[in-house]
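Encoded as structure tokens, the structure appears first; notes follow it.
Sequence lines set the chain letters: A, B, ... in the order given, protein chains first and strands last, and positions in each chain run from 1.
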There are 2 protein chains.
Amino acid sequence: AIRMDDLTKVYEVGETEIRALNGIDLEIMKGQFVSIMGPSGSGKSTLLNVIGCIDTPTSGRLRIMDQEVSRLKDKELTAIRLSTIGFIFQQFYLIPTLNAIENVELPMKEARIPRDDRHRRATQLLDMVGLSNRISHLPNQLSGGEQQRVAIARALANEPDILLADEPTGEVDSQTSDSILSILEDLNRDRGLTMVVVSHDPNVANRAPRRLSMVDGKIVSDRSGPVV
Amino acid sequence: AIRMDDLTKVYEVGETEIRALNGIDLEIMKGQFVSIMGPSGSGKSTLLNVIGCIDTPTSGRLRIMDQEVSRLKDKELTAIRLSTIGFIFQQFYLIPTLNAIENVELPMKEARIPRDDRHRRATQLLDMVGLSNRISHLPNQLSGGEQQRVAIARALANEPDILLADEPTGEVDSQTSDSILSILEDLNRDRGLTMVVVSHDPNVANRAPRRLSMVDGKIVSDRSGPVV
Ligand SMILES: Nc1ncnc2c1ncn2[C@@H]1O[C@H](COP(=O)(O)OP(=O)(O)OP(=O)(O)O)[C@@H](O)[C@H]1O
Ligand SMILES: Nc1ncnc2c1ncn2[C@@H]1O[C@H](COP(=O)(O)OP(=O)(O)OP(=O)(O)O)[C@@H](O)[C@H]1O
Ligand SMILES: [Mg+2]
Ligand SMILES: [Mg+2]
């Protein structure tokens, strides 16, 4: 599903150059559930942003669903992002002027899903993440963990093939974190959703059958094996 | 240092009323280090926002440093916030147009600290949180955990008497989380800094000598005792 060859991302700030990704080789097969751990600043979000076609690499190759992404036009990239990839951002990025259900419906609106279907699915997704009694709240009327859960529901709106989750449980208590993970595990097992989850929390990262570690823009370990 | 009597905070959203704080009685003595845990939506951020004089209670009394806060004028509240209380927000709220060191200097500028002293102290604080090589980065040029560390340095800028920290380690790896906590513990022990730390992470919350739990806007447990 995802293939990176010698992928590098360099940021320039004033005179300094920061190699956020430093020659990444990575293949993730369809239906795999991969976690990524690593110190703050090691390049995890940058890796997800490049896979999610939100940030462009400085050099190297990236293929998503067998398509070479760097050759795609903007319109095709947008089509991939809308129909294929669900993204849960580290800082949520909910639209502040839309309430919870409107935020979840927005990607479905962009994908031209009819209104009644959109509303029904958004209600279902918000119920699944435990927010059925907060659907008309604006983001600034929600707690940190509640905003995060709206962001999770939104990422699943268009039934993506690939889900990229950047610290999906950073703001919630361990019980809610458990139930979010169970939802993602069920989708991975029942729907074959390919998942890449960044997490500082070993309880989350260790539930993935394949576990990567990053340091200074490189993948330093790649362990597959039974969930601990 | 902090005293709450029957404190309540009600939010109204459309027709529904949400009792985010439901009759809180709480006394925190000067120099205490208190942690607060609780499920997502239980009222932890609301409690900190009220203590931090950022949000006003619906009813009940709040005294900060022996002053009844509800009777203070805006100007006096601002003076307390600037000189007495340091706040680390759950979503950081760094000024996007200021770089890391400018964000840390800002509260000192408001408190009329001379430029050289400001710059020296801000550099020291950013070094303390491990960001000496990111001081000229804007917030959108920093990782999630790096932004959080800038927010911690900023909260300590005016050497507050009270530090309110809302999920201060949510976005960083466990090693960085440990070093942040050690910094806060040293300030508590050496400077007598009164600390209230909200955290979902038991590794953080259990390091406090006094540990509160909240559910549905109420304090349901209050345990003092040796750190586990
Ligand atoms: N837009 C940018 N401009 C300049 N530097 C950047 C930019 N975005 C990230 N960086 C730098 O690149 C490095 C990697 O950032 P990234 O956000 O990928 O780290 P991360 O592993 O997600 O960290 P965290 O765990 O703190 O979220 C960081 O050191 C950061 O300072
Ligand atoms: N401005 C607001 N308007 C309406 N409701 C609000 C507002 N702020 C918070 N709430 C509601 O009040 C309740 C308590 O929110 P609060 O942010 O204090 O929870 P929390 O314990 O910090 O949660 P988390 O662990 O998810 O950060 C939540 O259910 C939330 O929906
Ligand atoms: Mg990150
Ligand atoms: Mg909160």
Side-chain angles (χ1 to χ4, degrees), chain A residues 11-16 18 20 37-46 49 89-94 99-100 129-131 133-149 166-167 169-177 179-180 198-203 205 213-215, chain B residues 11-16 18 20 37-46 49 89-94 99-100 129-131 133-149 166-167 169-177 179-180 198-203 205 213-215:
Chain A
Y11 291 115
E12 293 182 13
V13 181
E15 297 301 300
T16 45
I18 292 175
M37 285 190 88
S40 173
S42 53
K44 305 178 299 297
S45 293
T46 305
N49 293 344
F89 296 94
Q90 192 168 3
Q91 263 115 50
F92 321 153
Y93 295 135
L94 296 178
N99 67 24
V129 294
L131 286 177
N133 59 350
R134 292 282 183 277
I135 62 172
S136 50
H137 280 227
L138 291 174
N140 69 354
Q141 294 175 323
L142 292 169
S143 80
E146 291 168 347
Q147 292 179 45
Q148 190 162 42
R149 286 181 270 160
D166 200 346
E167 304 285 351
T169 60
E171 298 300 329
V172 296
D173 55 285
S174 46
Q175 212 173 341
T176 308
S177 168
S179 66
I180 287 170
V198 164
S199 180
H200 285 302
D201 183 349
N203 292 330
S213 285
M214 284 184 76
V215 173
Chain B
Y11 291 115
E12 294 184 10
V13 180
E15 297 300 301
T16 44
I18 292 174
M37 285 190 88
S40 171
S42 54
K44 305 177 298 297
S45 294
T46 304
N49 292 345
F89 296 93
Q90 191 168 5
Q91 263 115 50
F92 322 152
Y93 295 135
L94 298 178
N99 67 23
V129 294
L131 285 178
N133 60 350
R134 294 282 185 276
I135 62 171
S136 49
H137 280 227
L138 290 173
N140 69 355
Q141 296 175 322
L142 293 168
S143 79
E146 291 169 348
Q147 290 179 48
Q148 190 161 43
R149 286 182 271 160
D166 200 345
E167 303 287 348
T169 61
E171 299 300 328
V172 296
D173 56 285
S174 49
Q175 212 173 341
T176 309
S177 169
S179 66
I180 287 171
V198 165
S199 180
H200 285 302
D201 184 349
N203 294 329
S213 284
M214 285 185 75
V215 173

Sort out for me which of S40(B), P39(B), G41(B) touches chain A most, counting heavy-atom pairs under 4.5 Å. S40(B)
Tell me, out of T169(B), D173(B), D166(B), who's got the most heavy-atom pairs with chain A below 4.5 Å. D173(B)
Below 4.5 Å from any heavy atom of chain B, which atoms of E171(A) appear? Answer side chain, backbone, both or neither. both
Heavy-atom cut-off 4.5 Å, strictly under: side chain, backbone, both or neither for Q91(A) against chain B? side chain
Measure the spacing between OG1 of T176(B) and CD1 of I180(B) and express it to the nearest 0.5 Å. 6.5 Å
Closest non-hydrogen atom pair, M37(B) against D201(B): CE-C, 4.3 Å
All ring pair (Phe, Tyr, Trp, His ring centres under 6.0 Å) counterparts of Y93(A), not counting sequence neighbours: F89(A)
Backbone N/O of G38(A) and side chain of K44(A): donor-acceptor pair under 3.5 Å: yes
Tell me which donor-acceptor pairs under 3.5 Å the side chains of residues 140-147 of chain B have, and how far apart each pair is, sequence neighbours excluded?
{"unit_1": "Q141(B)", "atom_1": "OE1", "unit_2": "L138(B)", "atom_2": "N", "d": "3.0"}
{"unit_1": "S143(B)", "atom_1": "OG", "unit_2": "E146(B)", "atom_2": "N", "d": "3.2"}
{"unit_1": "E146(B)", "atom_1": "OE1", "unit_2": "S143(B)", "atom_2": "N", "d": "2.9"}
{"unit_1": "Q147(B)", "atom_1": "NE2", "unit_2": "P139(B)", "atom_2": "O", "d": "3.2"}
{"unit_1": "Q147(B)", "atom_1": "NE2", "unit_2": "L142(B)", "atom_2": "O", "d": "3.2"}

Which region of Q90(B), side chain (C-beta onward) or backbone (N, CA, C, O), has a non-hydrogen atom less than 4.5 Å from a non-hydrogen atom of chain A, or is it both or neither? both
